[in-house]
Structures are given as C-alpha cells and as structure tokens.
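The analysis underlying the following values was restricted to heavy atoms, covering all of them including side chains, and did not include hydrogens, waters or symmetry mates. Per chain, numbering begins at 1; letters A, B, ... match sequence-line order.
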Amino acid sequence: MENQLNTLFSSFESEEITFFADLILPIPVPKLFTYRVPRGMADMLKIGARVIVPFGKKNSRVLTAVVAKLHNSPPTAYQARYISEVLDEYPLVTGYQLELFRWMAEYYMCCIGDVMNVALPSGLKISSQSKVQVNPDFDYPELLTEFEGVLLTELKKHPALSYEELGRLAGEGTNVPALIKSLVGKKAVIVFEEVREKYIPKMIRKVRLHPNYEEKEQLLVLLQRLEKLPKQQEVVMRYLSYVPMQRNPDLNQKGLDKAILNQDDELSQSSLTTLIKNQVFETFEVIQPRFSDNAAPQVEIKLTDAQRAASTQIMTQFESQNIVLLHGITGSGKTEVYIELIQQALDSGSQVLYLLPEIALTTQIVVRLQRVFGDNMGIYHSKFSDNERVEVWKGVVSGQYQFVVGVRSAVFLPFDNLGLIIVDEEHETSYKQHDPAPRYHARDVAIMLAHWQQAKVLLGSATPSLETYFQAKQGRYGLVELFQRFGDATLPNILLVNLQQEKRQKTMKNEFSSALHAALEANIERKEQSILFQNRRGYSPYMQCEDCDWTAECPNCAVSLTYHQRDAELRCHYCGHKDQVPRTCPTCGSTKVRTIGFGTEKLEDQLQIFFPESKVLRMDLDTTRAKNAYQQIIQEFETGQVDILVGTQMITKGLDFDNVSLVGIFDADRLIHFPDFRATERAFQMITQVSGRAGRRAGRQGTVLIQTQNPQQPILQKVIQNDYKGLYEEEIQERQDFNYPPFCRLIKLTVRHTDKITSHRAAERLAAELTDALGSSRILGPEEPLVERIRNQFLFDILIKIERDKVNIKAVKAYIQDRINDILTDKGLRQVSIVADVDCL
DNA sequence: AGCACGCCGACT
DNA sequence: GTCGGCGTGCTC
C-alpha cells in the first residue's frame with residue numbers, strides 16, 4: 001500500500017508540470033519576474049503567450065506580460081504570486097522574437113521590458129480600467145456621508161462603473177476618486193480592474209433573407225404577399241438584384257452589406273427595419289479586414305539591361321555572402337531590382353521584409369509595390385492605427401502577408417521564415433531609434449534577424465554609410481553597383497554659387513543669390529517645377545536686439561528660440577516652449593528687435609514677394625503635422641499647379657517628380673561645418689539626395705544650385721563630380737587616424753540632472769571609473785553637448801570607443817552597466833539619470 | 001514606469 | 001492640528 005502511494009507520488013512529481021513562469025513585464029526593470037502558474041493553466045500555458053498578472057503592493061496594478069520561460073524551481077527569496085489569466089492559447093511572440101528581445105536588451109543596454117514595449121503594437125497590449133462595484137455584504141448605510149450615499153445609490157443601479165462614468169453621473173464638482181477611496185475604506189464598494197483587449201476587429205453589418213425564403217416557391221409567395229407593400233417589395237427586389245439567388249441559392253449565405261441595401265434614403269431604411277422585424281431578413285455581422293482586397297493586377301516589371309545585370313549579380317553574390325550592398329545612384333531604378341528579388345524570394349516560399357525610412361514610405365513607392373504584390377503585401381507604418389497594425393501582425397502569423405513593407409519597427413513582426421530583408425536608403429539615420437529605449441538600429445537588427453533565419457540582406461543606397469561601404473570594401477559584404485540612370489536620364493548639372501562674391505557685388509536678393517533667382521524665374525517661365533532645400537524650419541532661428549545683443553532664449557533649454565511667423569510666436573525646437581514675440585527688447589527697451597538667419601518659412605515668404613503669380617508650397621514638420629498633410633502636399637505638387645516647393649530634409653527622400661528641373665540648396669556651409677565627425681558624410685549624403693530630385697525624366701538635364709560662402713571646399717567639389725568613392729577614401733582615412741567608426745564601436749553615455757553641479761559630479765566620477773578600467777584612449781569626456789540643457793536638465797556626454805575585435809564587448813557593456821548602477825545607488829547622485837546609447841549616431 | 005510610503009510646509 | 005508636496009524605494 002505504502003509502496004503504491006510512493007510510486008503514485010513520485011510519478012506525480014516527476015511529471016513535467018510547470019509550476020512557475022518567468023515573465024517579461026512592460027516595466028524598465030532589468031530582470032524577469034517569476035509567477036506561479038495555477039494548476040488548471042499548467043498544461044495550456046505556452047512560452048510566448050501573454051498573461052495577465054497582479055503587480056505591485058496591494059493589488060495596485062494589473063499588467064500584461066509575456067511568458068519567457070516555464071520551469072518548476074520555486075524562487076527562494078520571495079513568495080511568487082499567481083498568474084491571473086492567460087490571454088493566448090497559442091504563443092503570440094515566437095521563439096525568434098524572444099531571442100531578438102533578449103539580444104536587443106543585452107546589445108543596446110536596456111531592459112527587455114522596454115524592447116517588448118516597442119515591439120508589440122499597442123493594440124496587442126492590454127489596457128486595464130478601474131471599475132467600481134457595490135459590496136453586496138455592506139449594510140451600514142448610516143456610516144456614509146450624504147455624498148457617499150448618493151454615489152452608492154448610483155452604483156446600485158449598475159453592475160459596475162468606471163471612474164469616468166461615475167464622474168458623469170455624480171455631476172460637476174464631485175471629487176469621485178476621494179469619495180471612492182473613503183467608500184472603499186468603509187467597505188461599501190469594491191474596486192477591481194477590468195482588463196480588455198484593445199484590438200477591436202472592424203465589424204460590418206450584413207443582411208440576408210431568412211432561410212425560409214431560399215426556396216424559389218417561398219420567395220415567390222413572399223413577393224406576392226408584399227404586392228400591397230410596394231416599398232418593402234422594392235427593398236427585397238433590390239436585394240435580389242445584388243444577390244442573384246434565383247440562380248444560386250447559396251449566395252444568400254454571404255448576404256449583403258446593410259449599408260448597400262439602405263442606399264441612404266430613409267424610406268427604404270424603415271422598410272428594411274420592418275422586414276427584419278417580420279423575419280423576412282435577418283442581420284448578422286462579419287469581421288471586415290481593414291486592408292481592402294486589392295487583388296494583384298500582376299503588373300509585369302520590365303528590367304533594363306543594367307537593372308537585370310545588377311539583379312543577377314546580387315543573386316550570384318548571395319551564394320557566397322549573406323549581405324550585399326547595392327550602390328546605385330539616385331534615379332537608377334533600384335526599386336525594380338528590389339521587386340525582382342522580392343518576387344524570387346516569395347516564389348521560393350520564404351518571407352520578405354522591405355524596410356524604408358518613415359518618410360519614404362508615405363510616398364509613391366507603396367502604390368507601385370501594391371500594383372505588383374496586391375493584397376499579399378502588408379504595410380507597417382507608424383501613421384497606421386493600432387488596429388491596423390495588429391492586423392498586419394496577425395496577417396504575418398497567418399501567412400496572409402508573406403511580404404511586408406515597413407518602417408524601423410517592422411523588424412519586430414513575427415516572421416519565422418525570412419528569406420530576404422531589404423534595407424533601402426541604408427544610410428538613413430532615422431533607422432536608429434533615438435529617444436526612448438531600446439535605442440536600436442533597424443539595419444543592424446535586420447542583419448541579426450537575417451542571421452538567425454538564414455535570410456539574405458540587401459542594403460541599398462545612393463550614398464552608403466561609411467560603415468557599410470567599409471564592410472563591402474573589406475569583402476565582408478558583397479557589392480553591386482548600378483551607375484546608370486533609369487531611362488537614360490542624365491545626372492543633374494551641379495553649380496556652386498559664391499555667396500561672398502554676390503554679397504560683395506550686392507546682387508543678393510534677401511537670401512537668394514541672383515543666380516538662383518534668375519534660374520527660378522526662368523523655370524517658372526518654362527512651367528517647370530523647382531525644389532528648394534533649407535534644413536531649418538520656422539521663419540528665423542534667432543531674434544536679437546540690435547542695440548544690446550539680447551537674444552530670445554528658451555527658459556528650459558540652452559538654445560535660442562525660433563521665430564515662427566505664421567503663429568507669430570517664438571518656439572523652442574527642443575522642448576516645445578512657446579513665447580510671445582517681444583515688441584521691445586526686454587533688457588534695454590529698444591525697438592530694434594530683429595530676426596536673424598532664415599528657415600523654410602522665411603524663404604516661402606520671400607518667394608511669394610519675388611514671384612507673386614507663382615504657387616509656392618512649404619513642406620516641413622510644421623506643415624505636415626496633420627495626418628494626411630504630407631500626401632496632400634505631394635499630390636498637389638505632383639499634379640503640377642505648384643511652381644516651387646520649399647522644404648527641410650523631408651524633401652530629400654523618395655520623391656519622384658518628373659517635372660522638377662531645378663533644385664536650390666541653401667546654407668550648405670552649415671551642413672558641412674556641423675561639429676560632428678560625421679558632418680562631411682552627412683552633408684554629402686544630404687546634398688546628393690536633394691540633387692537627385694532634379695531631372696529624373698529622360699532627355700533633359702536638371703540643374704542644381706548650391707549657395708555657399710566657399711565654393712573651393714573639397715566636399716562640394718566631390719558633390720559636383722558625384723565622387724562618392726573619393727569622399728569615402730578621404731573620410732575613411734580620417735576615421736582611421738582619429739579612431740572613429742567603422743574602426744571602433746561607440747557607446748555614448750548621457751548623464752542628466754536638474755542641478756548642473758550634481759550632473760557634472762556624476763559624469764566626472766563615471767568617466768574617471770571607466771578611464772581607470774578601460775584606459776584614457778577609450779574614453780572621451782565628460783563633455784557638455786552642443787545643447788547642454790534640455791527641459792531644465794543639464795547634460796554631460798561621455799563617449800566610449802571600443803575596438804571592433806579582440807575585445808569582449810559584452811563584458812565591457814556589463815562593466816559599464818555596473819559602474820552606472822553603482823553611481824545610481826550613491827546617496828548624493830541617486831536621482832541623476834544615465835542613459836547608454838550603443839552605436840550612437 | 002508607476003505607485004505607496006514617508007517626512008516637511010501652508011492651510012481649515 | 002491636517003492636506004498634500006515630491007523624494008525614495010520596490011515591484012515576482
């Protein structure tokens with residue numbers, strides 16, 4: 001007997017039952033949290049599924065978490081709490097994604113919860129709402145105040161109410177949270193969290209004939225019966241004209257959109273309601289995908305010989321390389337090559353991800369791709385709603401979308417069988433997430449993804465980043481070049497305009513050189529379009545007093561305020577602070593307060609004065625805030641009534657306009673002399689990209705005018721000659737001499753605190769400790785960044801340079817993290833914030 | 001992150 | 001005397 005029991009028990013225990021789950025919680029804490037798995041859940045709980053757990057003291061919060069690990073070793077230091085609910089029967093997050101999360105958290109020195117937070121579209125995160133309910137066991141109404149009594153009476157009428165609902169019912173001026181708190185204290189009510197999925201499938205209401213009338217005879221009887229009710233008869237007839245069930249009775253099953261049948265006249269609406277009431281029609285709902293069915297018209301893409309050659313070369317190189325760089329000049333038609341390769345990858349049964357910078361995705365390219373791939377293509381874009389993003393996510397899981405075009409965050413989609421990842425405009429800095437953690441680079445993440453799934457990566461650019469080109473030169477990446485413009489279009493003729501000379505000869509018209517002014521005039525005459533580039537928004541970046549040199553500055557940040565004429569206000573581009581424009585100088589009272597420098601707004605203004613008959617559009621952050629503003633501007637420009645488009649770097653990407661024959665570039669010197677080791681590279685990329693907007697149509701050469709104080713600068717000469725390789729050789733030498741990427745890895749630590757002394761002390765200590773361990777040649781700073789105060793926080797940067805090889809980078813990062821944690825536990829420095837930016841740009 | 005707990009100023 | 005300010009510490 002005892003023996004039997006023993007075997008029973010041992011078999012029970014040896015069974016692989018999971019009792020504990022390690023969870024990723026959406027909070028910035030660098031560890032997993034262990035929860036208990038309730039008995040009934042044990043066999044259905046999967047790694048990668050979402051669960052709901054109680055969190056924090058009391059039952060203060062409920063959170064959605066993702067299961068990272070299942071095991072049965074109880075935690076020793078604490079009593080694990082129970083998981084309260086399982087949300088997914090099947091894993092929502094795949095094994096590949098969990099691996100990616102872990103890798104990113106380690107590589108980018110952030111918390112895995114932060115990674116999960118950006119990875120999951122918020123529609124898949126769970127929202128919880130506090131609800132209030134009466135306690136049925138409460139029977140001491142004499143304890144309540146008058147207000148509490150009123151609230152309780154209100155509550156009794158409903159099963160449960162949210163705070164907002166209560167607020168509405170209780171009327172203005174009632175302090176609902178306080179009342180609830182005291183009611184909870186008196187045990188009169190219970191507060192609980194209602195959890196619900198945010199994702200709501202779009203439903204459409206449909207109607208169909210009651211099955212009774214699917215038989216022909218019955219239908220005829222019905223129509224006869226309705227003879228005296230012409231309006232109702234008409235509705236039935238209309239239904240039959242859309243759903244010809246006389247021929248095929250099965251069609252009735254699918255029914256018809258209620259909206260179609262109603263056809264916006266009220267009479268038929270009421271008739272339909274009656275028919276439904278009399279059970280002639282029945283209504284039902286179906287899930288409507290938000291992305292309408294665009295059956296692919298299967299447009300044939302014809303490659304030019306050059307494109308064909310490039311595509312073949314890429315395929316050949318993929319045999320021996322996992323990563324290939326396609327270096328193709330602007331307008332060489334890289335997209336067609338991509339399409340060809342995407343098609344091949346899809347044909348072989350694998351998934352494809354095509355990454356684009358945010359702004360490029362808003363443009364014509366999506367339409368072109370859609371024409372080829374139709375509804376097999378998912379689009380993942382930040383301007384899409386949560387629900388739409390969840391549908392793309394689910395479409396990837398279900399296999400509906402084998403191919404996704406998307407921005408940075410599309411690397412987080414649940415692919416499990418990638419064959420090809422394309423990173424277009426590979427050099428684009430917007431691939432690097434800057435502000436909230438994880439500060440990841442989508443190109444580099446894509447390369448890791450591809451590595452895990454044995455996929456190939458194609459990097460494309462007209463002006464590759466030095467890092468990438470270096471890898472290609474070293475033979476670590478393949479390299480394919482496409483130097484012929486599509487359809488025999490020639491590269492634009494780039495001319496430099498000497499501003500010093502024009503100023504001396506007094507030929508400047510405000511910010512416009514006479515050369516640019518004349519070119520614009522001629523272009524307008526010819527009814528051709530022009531694009532003007534000035535990488536600075538607003539009217540003017542400074543407002544200054546001529547008498548005392550006072551300048552308008554942001555009270556929270558160490559920057560001058562930019563004057564915005566349209567709203568007649570001064571604005572800080574760092575924190576958003578707004579100020580009125582002073583009529584007189586606040587320090588000396590002088591009325592000579594002038595604007596200095598110019599932004600896109602001022603250019604727009606001056607153009608209107610120079611060319612009052614012409615239509616001028618401006619495209620920058622200020623004019624594209626609204627949802628569709630960007631497309632609207634593009635469309636308006638495309639249809640041709642617009643003569644001149646003024647814009648910031650927004651206009652540099654992906655815009656293909658046939659009729660643009662002139663590009664003007666302002667303030668090139670400011671781009672070139674920016675105090676950053678990448679300034680030259682950036683300036684070259686930017687100027688080349690903008691120039692590429694000119695003359696994309698065959699048979700006519702476009703013109704680019706660059707206004708500069710010094711036309712002799714070597715970088716401008718290289719731009720003129722389209723000499724990327726020359727620029728590369730020169731830059732790479734400098735990078736080597738001064739040990740900058742790609743010869744080292746960079747990690748930037750930013751220390752922030754409201755008190756400058758404290759901030760500085762923390763930074764000094766951190767730098768000193770790091771220097772001790774890593775050597776002074778690897779540590780730069782602490783140094784005040786260009787803008788040393790943002791939102792009233794004083795900043796200090798420490799730059800860490802680590803060799804690319806022979807150094808255990810993981811260990812170095814772990815050490816840095818240790819030192820940071822150390823400082824954060826110091827009594828005097830605890831509330832400083834220190835963020836690490838790995839591979840900072 | 002967000003929430004509770006805790007210790008000091010201006011109010012009934 | 002208290003309400004509430006935000007510094008500090010913790011969350012399985």
Under the 6.0 Å and 45° cation-pi test, does [X] pair with [Y]?
{"X": "Lys813(A)", "Y": "Tyr107(A)", "answer": "yes"}
{"X": "Lys31(A)", "Y": "Phe33(A)", "answer": "yes"}
{"X": "Arg389(A)", "Y": "Tyr380(A)", "answer": "yes"}

Roughly, in whole Å, what's the span from [atom1] in [X] to [atom2] in [N]?
{"X": "Gln831(A)", "N": "dG2(B)", "atom1": "CD", "atom2": "P", "result": "19 Å"}
{"X": "Arg61(A)", "N": "dA4(B)", "atom1": "CZ", "atom2": "P", "result": "9 Å"}
{"X": "Lys57(A)", "N": "dA1(B)", "atom1": "NZ", "atom2": "C1'", "result": "15 Å"}

Within the 6.0 Å centroid threshold, strictly below: Phe796(A) and His760(A) =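 Between Phe796(A) and His760(A), the centre distance is under 6.0 Å.
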message = Is the distance between the ring centroids of Phe55(A) and Tyr35(A) under 6.0 Å?
response =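 That pair fails the under 6.0 Å test.
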Non-neighbouring partners of Asp797(A) that pass side chain to side chain donor-acceptor pair (under 3.5 Å), sequence neighbours left out =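 Counting only residues at least two positions away or on another chain, Asp797(A) forms a side chain to side chain donor-acceptor pair (under 3.5 Å) with Thr750(A).
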ask   = Could you give the start and end, 5' to 3', of the contact zone on DNA chain C for chain A, using atoms under 4.0 Å from its heavy atoms?
value =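 Under 4.0 Å from chain A, the extent on DNA chain C is dT8(C) to dC12(C).
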Would you indicate what [X] reaches in the nucleic acid, counting non-hydrogen atoms under 4.0 angstrom: base, sugar-phosphate, or nothing?
{"X": "Tyr35(A)", "answer": "sugar-phosphate"}
{"X": "Val29(A)", "answer": "base"}
{"X": "Pro75(A)", "answer": "nothing"}

